[in-house]
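Quick notes on the structure that follows.
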Amino acid sequence: MDSCSLRICVAKVVVISYFCQPKMLIMSVVAQVKQATSQAIKDLYGLDLFPSEILVNATKPEFEGDYTVVLFALVKQLKLSPDALGQQLGTELLEKNPALFSGFNLIKGFLNLVITEKYWLDFLQRHAADEQYGIAQPTGKKVMVEYSSPNTNKPLHLGHLRNNFLGRSIAEILKATGHEVVKTCIVNDRGIHICKSMIAWQLFANGTTPATTHTKGDHFVGDYYVRFNDEYKKQVDALKAAGKTTEEAEKEAPVMRAAQQMLLDWEAGKPEVMQLWRDMNGWVYEGFQATYQRIGSDFNKTYYESNTYLLGKDLVNMGLEKGVFYQKDDGSVWIDLTADGLDEKLVRRKDGTSVYITQDIGLAEQKQQEFHADQSIYVVGDEQNYHFKVLKLICQKLGLPSADGIYHLSYGMVELPTGKMKSREGTVVDADDLVDEMVSIAKQKTEELGKVRDFTDMELTGLYDTIGLGALKFFLLRVDPKKKMVFNPEESIDFHGFTGPFVQYTHARIRSILRKAECDTIGDAGEGLLPLERALAIHLEMFPVVLRDAADEHDPSKVAIYVFNLAKTFNSFYTEHSIANAESNEKKTLRLQLARLTSQTISTGMGVLGITVPERM
RNA sequence: GGACCGGUAGCUCAGUUGGAUAGAGCAGCUGCCUUCUAAGCAGCAGGUCAUUGGUUCGAAUCCAAUCCGGUUCACCA
């Protein structure tokens, strides 16, 4: 099989259970509504319910109110009519929580509650100038996130971008929710696929290098990997034409034999092979580094398979002693997972060498000893779901301390409108090319609009990168990671609607106002919240909860969706009400608070997605 | 064959610990720039939530079966 099925990306994250987090100074509105409702039911009917058992939704726009308690479940337990229960509960809630509720109405089984104006005004006053809004206090928990994890035989492609953006983002989300994060990467720098590039280089390169050909190193090496496969196919065809079966031809093709010999030489440490291997990997790393820098990937610790591929051997012995593993007559070592609904799995070949999963067992243990993380997240494609299920199970059976913390953040493949990307058909979308194209379209659109003609060249370059990469990252992160997604070049290049540039644009507009308006957010905000002002405040208040949900579910798309809706809400408000020329000083203060907190929240939200937001665009 | 994942508007996606008339964006159609950036806003149109049956006050959401698509089950990584 093609070597692109190697572990392409891996990342580990530790999930911290909710109750471990320090209490937020102020509970979210929804939490308060649940709490108050729980208390009211206890006082009125003597029924003890956890706040979490009470269903509270945002009130639908067509009804009056901010949040809604769904009564049906309670109706049944309390044997009351929805109307009677709603009236009693609404009255009680209002009476006991005058600072929280200012009114209620009842429609069928839904108790719609109006939150007091003062609550929202206090909320804005408290956070308007808070640059840390949404950022949680430290939890004391440590999480490892392993992501990116490339092979050194070819450049990064579109699939790697989803992995890199996800890994980086989940790391930032975990940081924002108070966890200490260690970002790691495992580089697959050895094996038959690397040898293929090396053989092709020896045969066809005439000693050229990235420097002499002015080629980015990873692309240079990738070209020889392709060259190998071309040559291999040619030789196989020739052998078949000479009467060999397909199987024989594939085995006997001279380039394949040479690659296999080279792998043996590498394992034996043959000096000239090692030198070539180091040189070519060096070229690749230089290329990767450039790409990583551009897309914003970085790592606290990089592991190399050439160092880790022998790990786990002692753990196999331990497993044999413990009786977790068993040995077959031919000497190979296995674990029987049929009782867990899985199959038997080989952990050591009959020749004594270890297999992929054995290395991973060893590496999990090494990471644990090195960093003592509470959780270890692997950002790896869903084609390896089975692998990680088995990995965790084996580690658990071995009783390794790292076992329970293993979490596979599995994501779906990125497909094109025409179907899957296939290197043989030349439909692989190269990461560098794609980034270049996005940036160049950002340039073109920006020039068309002509709003930043006074920018210096350096500022313009920065802006194009911000917008082009923002569009790309947002496009890949706005979808639930678990699901496969279709990358439509035309749609992804759109800068309108549910896109990164839409959110960035909203931010730039707000910043423009704040620059001119002297940011006067302290002061009397008056009374009489208008519907759009209230809607924006409600939206802003949800941010910390959204971040926490995204962390708990390892899902950056929650943040992307939130931040888009926030921008949309702001834009409606912006169109309808003037901020700088508000009807009164109080209104101006209030709207500046709203604007400032919105820009801050957009900035933080986009920040955890790895997207920067411009001051102007 | 076993296991797992998915099927929601023409397209790309939200919504799934069961709750109000299933939501966005794009594409299509109407309006809105002498006023804080129109990369924007307001509106129209667009649905058998794969199919069938079940559970119940209530199902896109839960259960069963079926159809379709994908991944995986290597002495590959």
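First the proteins, then the strands, lettered A, B, ... as listed; each starts at 1. What you see below is based on every heavy atom in this structure, not just the backbone, and it leaves out hydrogens, waters and symmetry mates.
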Practice prompt. Quick one: label A:L449 by what it contacts on the DNA or RNA (base, sugar-phosphate, nothing), any heavy atom closer than 4.0 Å.
Written response: base
Discussion item. With hydrogens left out and only the distance checked, is there a donor-acceptor pair under 3.5 Å joining A:D340's side chain and the base of B:A3?
Written reply: no
Practice prompt. Kindly indicate whether the side chain of A:S512 and the base of B:C36 share any N or O donor-acceptor pair separated by less than 3.5 Å?
Written response: no
Discussion item. Between B:G18 and B:C57, how far apart are the two C1' atoms, rounded to whole Å?
Written reply: 12 Å
Fill in: Structure string for RNA chain B in dot-bracket form, Watson-Crick and G-U at under 3.5 Å, | interchain
((((((((.[[[[.)...(...]]]].(((((.......))))).....[[[[[..)....]]]]])))))))....
Discussion item. What verdict does the ring-ring contact (aromatic ring centres under 6.0 Å, His included) test give for A:W277 and A:Y304, after you've listed the backbone C-alpha separation in whole Å, the side-chain angles of each residue and the deciding distance to 0.1 Å?
Written reply: CA-CA 13 Å; A:W277 174 72; A:Y304 297 91; 8.9 Å; no
Practice prompt. Using the C1' atoms only, state how far B:C73 lies from B:A77, rounded to an integer number of Å.
Written response: 16 Å
Worksheet entry | Spacing of the P atoms in B:U52 and B:A60 (rounded, Å) | 13 Å
Worksheet item: So what does A:I467 touch, heavy atoms closer than 4.0 Å: a base, only the sugar-phosphate, or nothing?
Response: base
Practice prompt. In whole angstrom, give me the gap between the C1' atoms of B:U16 and B:G7.
Written response: 14 Å
Worksheet item: Mind checking the C1' distance from B:G19 to B:U56? Whole angstroms is fine.
Response: 12 Å
Practice prompt. Under 4.0 Å between any heavy atoms, over every strand shown, what does A:K482 touch: base, sugar-phosphate, or nothing? Just pick one.
Written response: nothing
Item to complete: Output the distance between atom OG1 (A:T612) and atom CD (A:Q504), rounded to the nearest 0.5 Å.
Response: 6.5 Å
Item to complete: Using the ring-ring contact (aromatic ring centres under 6.0 Å, His included) rule, take A:F495 and A:Y505 through it: C-alpha gap first, then chi angles, then the decisive distance, then the call.
Response: CA-CA 10 Å; A:F495 290 177; A:Y505 175 69; over 10 Å; no
Practice prompt. Could you tell me whether the side chain of A:T575 has a donor or acceptor atom within less than 3.5 Å of a complementary atom in the base of B:A42?
Written response: no
Worksheet item: What pair of heavy atoms forms the shortest contact from A:Y562 to A:H539, and how long is it?
Response: OH-O, 2.8 Å
Discussion item. So that I know where these two stand, are A:F110 and A:F72 an aromatic pair - ring centroids less than 6.0 Å apart?
Written reply: yes
Discussion item. I'd like the C1' distance from B:A24 over to B:C49, given in whole Å.
Written reply: 16 Å
Worksheet item: Looking only at atom C1', what distance separates B:G23 and B:G47, rounded to whole Å?
Response: 12 Å
Discussion item. Using a 6.0 Å cut-off, check whether atom CD of A:E64 has over 12 heavy atoms from anything other than its own residue.
Written reply: no
